[in-house]
Amino acid sequence: MSGGGSPNLDDEYEDDNEEVFLDESDIIHEVPIDNEDLPDADDSDSEHVEEFDDSVHIFTGHTGELYSVACSPTDAVLVATGGGDDKGFLWKLGQGDWASELQGHKDSVSSLAFSYDGQFLASGSLDGTVQLWNASGNPTGVLDGPGGGIEWLRWHPRGHILLAGSEDSTVWMWNADKVAFLNMFAGHASSVTCGDFTPDGKTICTGSDDATLRIWNPKSGENIHVVRGHPYHTEGLTCLAISSTSTLALTGSKDGSAHIVNITTGKVISTLASHSDSIECVGFAPSDSWAAIGGMDKKLVIWDIEHSLSRGTCDHEDGVTCLTWLGAWHVATGSVDGNVRLWDSRSGECVRTFRGHSDAIQSLSVSANKDYLVSASIDGTARVFEVEGLQ
């Protein structure tokens, strides 16, 4: 607080026995204190945290927060990361001397995705552009069109066709081989926060901040179904997963609910309501019979999809931001507390906690050989954790 005081205090200080009281009128001005500006009470604390680092590799090429990580589906050591420094990087697990900077974006790199065969990497930015790269990090084209930042990128399961959702409420599709525009899907009334092709490649599902799910025909651009209103979400969608059979879409929302929609009919077939805060991530188990749902209420809930039953709850110390299934039974989660955890979905037990990050995890990806988990964090680093033998 600033110095200064009323003159009568000086007189009172002369008599050591008299107590000094400040009342409202003695306040000259109040200074708001931001917690972030406060010095650490004990610097040894942060050094103490550093000792617990379970990672086998740390990528420190970025100079800002990391928002996205993607492992190549075909090259077991190739990883891409993107972040708030407006850069993407391609780097290799265990090869600290090799990195290729993905230059050209004029705003945060918000999303990254490898094509099914690992030949292409797409980087999406809040500047509204998508850039294409080959596996060596050489640029192969720029895709533009969206009038707002790119929220997510997904490739067709068997072709070089790329899908992107934008803040401007549109969804775009391009042919990466020809660097050519194919289609634009308009209909959402707000930012398109999540989306994907069905695994059979025949349908597109997109979710928006407008609280609707839309189901599209990729070739004609026709909007086949709009899912909205009771009993569906009351607030914006945040995440979406599609079953391997291409029949079910699982969506999560800011309203704390998750719903399962029949993609063919556009009907809500079950409601999985168990969260008291925004749901941030959803994912089907490889078998489709189970699913995992993570939220800001610090919970990961495992669901038996066939019977709409909650199998168990995995409690975290802070919000669950991202998840990925590892094999048939294990789920990895990233949390606001900076830890990556591996859970056994059958027992609900935490098999392993991976420490090392000092801030929230934003994204997780599994290496092609399933031996490593790579995490991207607000702390400006990506870390690699060994999961071989843990599944």
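Counting begins at 1 with the first residue of the sequence.
Side-chain atoms of Thr245 and Ser243 include a donor-acceptor pair closer than 3.5 Å. Using a 3.5 Å distance cut-off with no hydrogens or angles, the side chains of Thr234 and Asp255 do pair a donor with an acceptor. Side-chain contact annotation: Ser244 with Asp288, donor-acceptor N/O pair under 3.5 Å present. Under 3.5 Å, the side chains of Ser345 and His330 contain no donor-acceptor pair of N or O atoms. Counted by atom type alone, Gln131 and Thr129 present zero donor-acceptor pairs between their side chains at under 3.5 Å. Side-chain contact of Ser289 with Ser287: a donor-acceptor pair under 3.5 Å is present, judged by distance alone. Using modelled atom types, one finds a donor on one side chain and an acceptor on the other under 3.5 Å when comparing Thr206 with His188. A donor-acceptor contact closer than 3.5 angstrom is absent between the side chains of His259 and Ser270. For the residue pair Arg355/Asn339, the side-chain donor-acceptor check at 3.5 Å is not satisfied. There is a side-chain donor-acceptor pair under 3.5 Å between Trp343 and Thr333. No hydrogens or angles considered: nothing links the side chains of Glu151 and Ser110 as a donor-acceptor pair under 3.5 Å.
Relative ring orientation between Phe59 and His62 is described as perpendicular, the plane-to-plane angle rising above 60° on a 0-90° scale split at 30° and 60°.
Of all heavy-atom pairs between Lys219 and Asn217, the closest is N-OD1, 2.8 Å. When every heavy atom of Leu240 is checked against every heavy atom of Leu213, the shortest pair comes out as CD1-CD1, 3.5 Å.
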**Request:** Begin from the C-alpha positions of His160 and Phe120 and carry the test ring-ring contact (aromatic ring centres under 6.0 Å, His included) through to its verdict.
**Result:** CA-CA 8 Å; His160 294 157; Phe120 282 103; 4.8 Å; yes
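If you chain together hydrophobic residues whose side chains sit under 4.5 Å apart, Phe114 and Val142 never meet in one group.
The hydrophobic cluster containing Tyr67, built from Ile/Leu/Val/Met/Phe/Trp/Tyr side-chain heavy atoms closer than 4.5 Å, also comprises Ile378.
The ring of Trp290 has its center no closer than 6.0 angstrom to the ring center of Trp325. Not less than 6.0 angstrom separates the ring centroid of Phe181 from the ring centroid of Trp174. Between His57 and Trp91, the distance separating the two ring centers is shorter than 6.0 angstrom.
Side-chain contact between Leu272 and Ile305: present, with at least one pair of heavy atoms (C-beta onward) separated by less than 4.5 Å.
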